[in-house]
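In what follows, a single structure is set out as structure tokens and then discussed.
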Amino acid sequence: MTAIEFHGVSKSFVRHRGHLLLRERLTAWIEHRKRDPFFALKNVSFSLAAGDGLAVIGSNGAGKSTLMGLAAGLATPDAGTVRVRGRVATLLELGSGFHFDLTGRENIEVNAALIGLSRRRTSELFDRMVEFSGIGDFLDEPLRTYSSGMILRLAFSVAINTDPDILLIDEILAVGDHAFQVKCFEQIHRLRHAGKTLLCVSHAPAMLQELCNRAIWLEHGELRLSGALHEVVDAYQGQRASACIAS
């Protein structure tokens with residue numbers, strides 16, 4: 001069964017040309033001037049089978065985070081279709097879905113509800129989430145008092161303990177201490193062995209080799225290559241090495 005499918009997906013954003021004077025904005029509005037769009041993704045197609053791990057690689061600005069946002073349902077494509085089958089848990093941005101004026105306890109309840117858990121199920125999983133996060137002593141403190149590592153632990157704990165069908169990770173595991181990273185990897189491996197699906201963005205080849213079996217390479221918003229992880233990573237690193245020599 002296919003867990004994630006992109007078919008001819010394009011996504012653009014409007015370029016903002018810095019600060020304009022009021023008269024310049026009014027003139028542009030009256031004359032119906034259109035701003036130049038920036039295409040973060042251009043006609044991207046790929047599919048990810050349930051139970052597979054897919055790495056998304058490419059340089060900064062290649063469109064990786066836009067692709068992840070579309071897969072998470074945080075945005076809609078300008079063209080093409082995105083189909084996702086199953087419960088999705090996301091780790092795309094530190095503190096995403098959290099409110100910094102709420103306590104850790106309140107954020108767990110709110111974030112679990114956003115993922116789709118009932119109050120009863122959240123209550124059943126609550127102690128497990130808190131134990132995994134290791135922030136029990138600060139559970140009733142507002143999130144704004146947390147360090148970035150504490151926020152990561154809380155976010156990951158909520159996401160991983162909802163037993164998702166699909167887990168989306170965008171470089172977030174680069175934050176946090178080594179011990180917690182090991183703990184995270186163990187949980188992700190448990191999900192992978194249970195047949196869960198993983199879509200992952202990272203600039204760390206060692207991490208990708210542990211978690212993924214396939215990869216796609218994005219360049220300037222376009223799909224450059226798709227295939228087995230080692231083949232795509234080798235091609236990407238070879239292109240980067242050639243570029244460095246040429247410069």
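Below, all heavy atoms of this structure are taken into account, side chains as well, without hydrogens, waters or symmetry copies.
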Q: Considering non-hydrogen atoms only, spot the tightest contact between Gly58 and Lys64 and give its length.
A: O-NZ, 3.0 Å

Q. Would you find more than 12 non-hydrogen atoms of other residues, nucleotides or ligands less than 6.0 Å from His203 atom NE2?
A. yes

Q. Taking the six-membered ring of Phe13, is NZ or CZ of Lys11 closer than 6.0 Å to its centre and within 45° of its axis?
A. yes

Q: Please check if the side chain of Asp52 supplies one atom and the backbone of Leu48 the other of a donor-acceptor pair under 3.5 Å.
A: no

Q) Does the pair Glu124/Arg121 count as a salt bridge with the N-to-O cut at 4.0 Å? A) yes

Q) Do any N or O atoms from the side chain of Asp140 and from the backbone of Gly104 form a donor-acceptor pair under 3.5 angstrom? A) no

Q. Do you know the tightest heavy-atom contact between Leu211 and Leu198?
A. CB-CD2, 3.6 Å

Q: Flag the pair Lys196 / Arg190 as yes when at least one side-chain heavy-atom distance between them is below 4.5 Å, and no otherwise.
A: no

**Q.** Separation of Thr103 OG1 from Ile108 CD1 (nearest 0.5 Å)
**A.** 8.5 Å

Q: Report yes if the side chains of Trp217 and Val233 come closer than 4.5 Å at any heavy-atom pair, otherwise no.
A: no

Q: Over 60° means perpendicular and under 30° means parallel, so classify the ring planes of Phe156 and Phe132, tilted if in between.
A: parallel

Q. With a 4.5 Å limit on heavy-atom distance, are the side chains of Thr81 and Glu5 in contact?
A. no

**Q.** Arg119 side chain near Glu109 side chain, heavy-atom distance below 4.5 Å
**A.** no

Q. Phe46 vs Phe6 aromatic rings, parallel, tilted or perpendicular, using cut-offs 30° and 60°?
A. parallel

Q: Using the test salt bridge (Lys or Arg N to Asp or Glu O under 4.0 Å), find all partners of Asp137 that sit at least two apart in sequence or belong to another chain.
A: none

(Q) Using a strict threshold of under 4.0 Å (side-chain N to carboxylate O), is an ion pair present between Asp165 and Arg87? (A) no

(Q) Quick check: closest heavy atoms across Leu229 and Ala215, and the distance to 0.1 Å? (A) CD1-CB, 3.7 Å

Q. Where do Thr162 and Ala89 come nearest, in terms of heavy atoms and distance?
A. OG1-CB, 4.1 Å

Q: Could you walk me through whether Glu231 and Asp234 pass side chain to side chain contact (heavy atoms under 4.5 Å, CB included), step by step?
A: CA-CA 5 Å; Glu231 294 176 354; Asp234 287 349; 6.0 Å; no

(Q) Main chain of Ser157, side chain of Ser133: is a donor-acceptor contact present, judged purely on distance under 3.5 Å? (A) no

Q: Give the intermediate values and the outcome of side chain to side chain contact (heavy atoms under 4.5 Å, CB included) for residues Arg105 and Phe126.
A: CA-CA 9 Å; Arg105 181 187 303 275; Phe126 188 85; 3.7 Å; yes

**Q.** Arg214/Ser226 under side chain to side chain contact (heavy atoms under 4.5 Å, CB included): CA gap, chis, key distance, verdict
**A.** CA-CA 8 Å; Arg214 294 183 54 228; Ser226 174; 3.6 Å; yes

Q | Note: Arg144-Asp101 ion pair, threshold 4.0 Å (strictly below) | A | yes

Q. In Å and rounded to the nearest 0.5 Å, what is the NZ to CD1 distance from Lys183 to Ile160?
A. 12.0 Å

Q. With a 3.5 Å cut-off and no angle check, do the side chains of Asp78 and Ser12 form a donor-acceptor pair?
A. yes

Q: Going by the side chain to side chain contact (heavy atoms under 4.5 Å, CB included) test, name the single residue among Leu168, Val9, Leu199 that passes it with Leu67.
A: Leu199

Q: Can you see which heavy atom on Leu208 is nearest to which on Ala55, and at what distance?
A: CD2-CB, 3.7 Å

(Q) So, taking the atom named OG in Ser123 and the one named CG in Leu117, what distance separates them when rounded to the nearest 0.5 Å? (A) 11.5 Å

Q. With side chains defined as the heavy atoms from C-beta onward, is the minimum distance between Ile135 and Tyr146 less than 4.5 Å?
A. yes

Q: Please tell me if the side chains of Ile216 and Leu54 come closer than 4.5 Å, counting only heavy atoms from C-beta onward.
A: yes

Q | ILVMFWY network linking Met150 to Leu139, side-chain heavy atoms under 4.5 angstrom | A | yes

Q | Close side-chain approach of Leu143 and Ile151, heavy atoms under 4.5 Å | A | yes

(Q) Using only atom types and a distance under 3.5 Å, with no angle test, would you say the side chain of Arg85 pairs donor to acceptor with the backbone of Ile4? (A) no

Q: State whether a side-chain donor-acceptor pair under 3.5 Å links Asp170 with Ser65.
A: yes

Q | Met207 and Cys200, any side-chain heavy atoms less than 4.5 Å apart | A | yes

Q) Are the side chain of Asn107 and the backbone N or O of Phe98 linked by a donor-acceptor pair below 3.5 Å? A) no

**Q.** Over 12 foreign heavy atoms within 6.0 Å of CD, Glu210
**A.** yes

Q: Measure from the side-chain N and O atoms of Thr197 to the backbone N and O of Gly51, and report whether any donor-acceptor pair falls under 3.5 Å.
A: yes

Q: Look up atom CG in Asn213 and atom NE2 in His230, then write down how far apart they are to the nearest 0.5 Å.
A: 10.5 Å

